[in-house]
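This is the structure I want to talk about, given as structure tokens.
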Amino acid sequence: MPNKTIRLAPSILSADFARLGEEVRAIEAAGCDLVHFDVMDNHYVPNLTIGPLVCEAIRPHVQIPIDVHLMVEPVDALVPMFAKAGANIITFHPEASRHVDRTLQLIRDNGCKAGIVFNPATPLAWMDHIMDKLDIVLLMSVNPGFGGQGFIDSTLAKLREARSRIDAHMAQGGQPIWLEVDGGVKTNNIGAIAAAGADTFVAGSAVFSAPDADKGYRTVMQALRQAATAA
Ligand code: DX5
Ligand code: ZN
């Protein structure tokens, strides 16, 4: 079944952090659908980035939802903090939470869409008993921690498998679940990624390496959307 819903979520990990307000305004003006916000703690992943204060600081600069990707361990204490800071979507890695079902419920109780993130080697079986609590499933197509890495090709088969689980769930009357992909997404592979069943695409370096925010971001966003839609 072709999937024509395309959501583009630039990862601000590759943005100019000294000008973050301008950067998020520029990607919204360029036509993206979500702001992807990568939170790293130098514990779950070997890098350190941004927290709820920065989320709160960019919130007034954009209307579109903020998609918070938690690469932290433990998870739960940060959920209400990000919800208060204006997050709309919160995803986390199931290995980093002692009680995955409880964390999903906590995210929803805080008024956000909830999802889990699969590392390249994490099996999709984690989905089996929590389907009704998922608004999003995010497949990592790189190992988490850094922008600018190459897309891992075996993610395509994993996306097809996740897509068929989600479609089967929805065919049985289940709620819609977005299928997001994160890592190494570019204009030259987004078509194949969309064809494998993804509907939501994180792209960091592909977007922010464009030379000029006003025209460059818009050009990349259009190229990504066109290639994904054509698939
Ligand atoms: C990696 C992050 C990604 C990353 C994507 O741990 O979760 O969101 O910023 O960057 P690119 O698109 O450059 O691979
Ligand atoms: Zn991410």
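Note that this is a predicted model, so its numbers are computed, not measured.
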Check: Ile64 and Ile27 side chains under 4.5 Å, non-hydrogen atoms:
no
Met127 atom CE, neighbour heavy-atom count above 12 within 6.0 Å:
yes
Can Ile12 and Phe37 be said to form a side chain to side chain contact (heavy atoms under 4.5 Å, CB included), step by step?
CA-CA 6 Å; Ile12 57 171; Phe37 191 102; 3.7 Å; yes
Heavy-atom side-chain contact between Val62 and Ile58 under 4.5 Å
no
Heavy atoms, side chains only, cut-off 4.5 Å: are Phe118 and Leu138 in contact?
no
Where do Trp126 and Pro94 come nearest, in terms of heavy atoms and distance?
CE3-CB, 3.6 Å
Distance in Å, Arg7 CZ paired with Leu34 CG, rounded so as to fall on 0.5 Å steps:
7.5 Å
Closest non-hydrogen atom pair, Cys112 against Ala87:
SG-O, 3.3 Å
Under 3.5 Å donor-acceptor, Asp199 side chain and Leu179 backbone
yes
Taken to the nearest 0.5 Å, the spacing of Cys32 SG from Arg218 CZ works out to 10.5 Å
Any salt bridge linking Asp128 with Arg165? Criterion: basic side-chain nitrogen under 4.0 Å from a carboxylate oxygen.
yes
Which heavy atom of Ser11 sits nearest to which heavy atom of Phe208, and what is that distance?
O-CE1, 3.2 Å
Side chain to side chain contact (heavy atoms under 4.5 Å, CB included) evaluation trace for Ser205 with Lys186
CA-CA 9 Å; Ser205 48; Lys186 310 277 175 197; 2.9 Å; yes
Using modelled atom types and a 3.5 Å cut-off, is there a donor and acceptor pairing between side-chain atoms of Glu23 and backbone atoms of Ala15?
no
To the closest 0.5 Å, what do you measure between CG (Leu159) and CG (Leu124)?
9.0 Å
Membership question, hydrophobic clusters at under 4.5 Å side-chain separation (ILVMFWY): are Val117 and Val100 in the same one?
no
Side chain of Gln175, backbone of Met170: donor and acceptor closer than 3.5 Å?
no
Answer whether the closest heavy-atom distance between the side chains of Leu139 and Asp182 falls below 4.5 Å.
no
Restricting to side-chain contact (heavy atoms from CB on, under 4.5 Å), what partner residues turn up for Ser141, sequence neighbours left out?
Phe151, Thr155, Val181
Residue set satisfying side-chain contact (heavy atoms from CB on, under 4.5 Å) with Asn119, at least two apart, ordered chain then number -> Tyr44, His93, Glu95, Thr122, Met140, Pro144
Same hydrophobic cluster for Val35 and Met71, using side-chain heavy-atom links shorter than 4.5 Å among ILVMFWY?
no
If you define the side chain from C-beta out and look only at heavy atoms, does anything of Phe82 sit under 4.5 Å from Ile107?
no
Run Arg108 and Asp135 through salt bridge (charged side-chain N to carboxylate O under 4.0 Å, His left out) and show every step you take.
CA-CA 9 Å; Arg108 284 184 164 182; Asp135 299 302; 3.0 Å; yes
Answer yes or no: are there more than 12 heavy-atom neighbours, outside Gln226 itself, under 6.0 Å from its atom CD?
no
Is Arg19 atom CZ crowded by more than 12 heavy atoms from other residues, nucleotides or ligands, each under 6.0 Å away?
yes
Heavy atoms of Ala192 and Leu156 approach each other most closely as O-CD2, 3.7 Å
I'd like to know whether Asp212 forms a salt bridge (charged side-chain N to carboxylate O under 4.0 Å, His left out) with Lys215, so could you lay out the CA-CA distance, the side-chain angles of the two residues, the decisive distance to 0.1 Å, and finally the verdict.
CA-CA 6 Å; Asp212 144 64; Lys215 236 175 69 209; 5.5 Å; no
Val54 and Thr49, any side-chain heavy atoms less than 4.5 Å apart:
no
Are the side chain of Asp41 and the backbone of His43 linked by a donor-acceptor contact shorter than 3.5 Å?
yes
Roughly how far apart are Thr200 OG1 and Glu180 CD, rounded to 0.5 Å?
5.5 Å
Close side-chain approach of Val39 and His69, heavy atoms under 4.5 Å:
no
What's the shortest heavy-atom distance between Val142 and Gly150, and which atoms?
CG1-O, 3.3 Å
Show, in sequence, the C-alpha distance, side-chain angles and deciding distance for His36 and Asp38, and conclude whether the side-chain hydrogen bond (donor to acceptor under 3.5 Å, both in side chains) test is met.
CA-CA 6 Å; His36 187 80; Asp38 285 309; 2.9 Å; yes
Rounded to the nearest 0.5 Å, what's the gap from CZ on Phe201 to CD1 on Ile190? Could you check?
5.0 Å
Hydrophobic cluster membership, with links at side-chain heavy-atom distances under 4.5 Å among I/L/V/M/F/W/Y: are Leu13 and Val185 in one?
no
Do Leu20 and Tyr217 belong to the same hydrophobic cluster, where Ile, Leu, Val, Met, Phe, Trp and Tyr are linked whenever their side-chain heavy atoms lie under 4.5 Å apart, directly or via other members?
yes
Can you name the one residue among Ile130, Ile90, Thr91 that meets side chain to side chain contact (heavy atoms under 4.5 Å, CB included) with Leu104?
Ile130
Look at Arg102 together with Asp109 and state whether they make a salt bridge at an N to O cut-off of under 4.0 Å.
no
Taking it one step at a time, do Asp76 and Arg98 satisfy salt bridge (charged side-chain N to carboxylate O under 4.0 Å, His left out)?
CA-CA 9 Å; Asp76 289 5; Arg98 285 276 172 90; over 6 Å; no
Could you point out which residue of Leu70, Val45, Leu48 forms a side chain to side chain contact (heavy atoms under 4.5 Å, CB included) with Met40?
Val45
Are a donor atom and an acceptor atom from the side chains of His61 and Glu28 found within less than 3.5 Å of each other?
no
Arg59 side-chain N/O to Gly86 backbone N/O, donor-acceptor pair under 3.5 Å:
yes
Cluster overlap Phe92 with Trp178, hydrophobic side-chain contacts below 4.5 Å:
no
Any heavy-atom pair between the side chains of Asn143 and Ile152 that's under 4.5 Å?
yes
What is the minimum heavy-atom distance between Pro52 and Ala85, and which atoms define it?
O-CB, 3.4 Å
Arg225 side chain to Ile6 backbone, donor-acceptor under 3.5 Å
yes
Looking only at atom types and distance, does a side-chain atom of Asn88 sit under 3.5 Å from a main-chain N or O of Ile66, one as donor and one as acceptor?
yes
Give the C-alpha distance, both sets of side-chain angles, the deciding distance and a yes or no for side chain to side chain contact (heavy atoms under 4.5 Å, CB included) between Ile89 and Val68.
CA-CA 6 Å; Ile89 298 164; Val68 172; over 6 Å; no
If I take atom CD from residue Glu161 and atom CD1 from residue Ile166, how far apart are they, to the nearest 0.5 angstrom?
10.5 Å
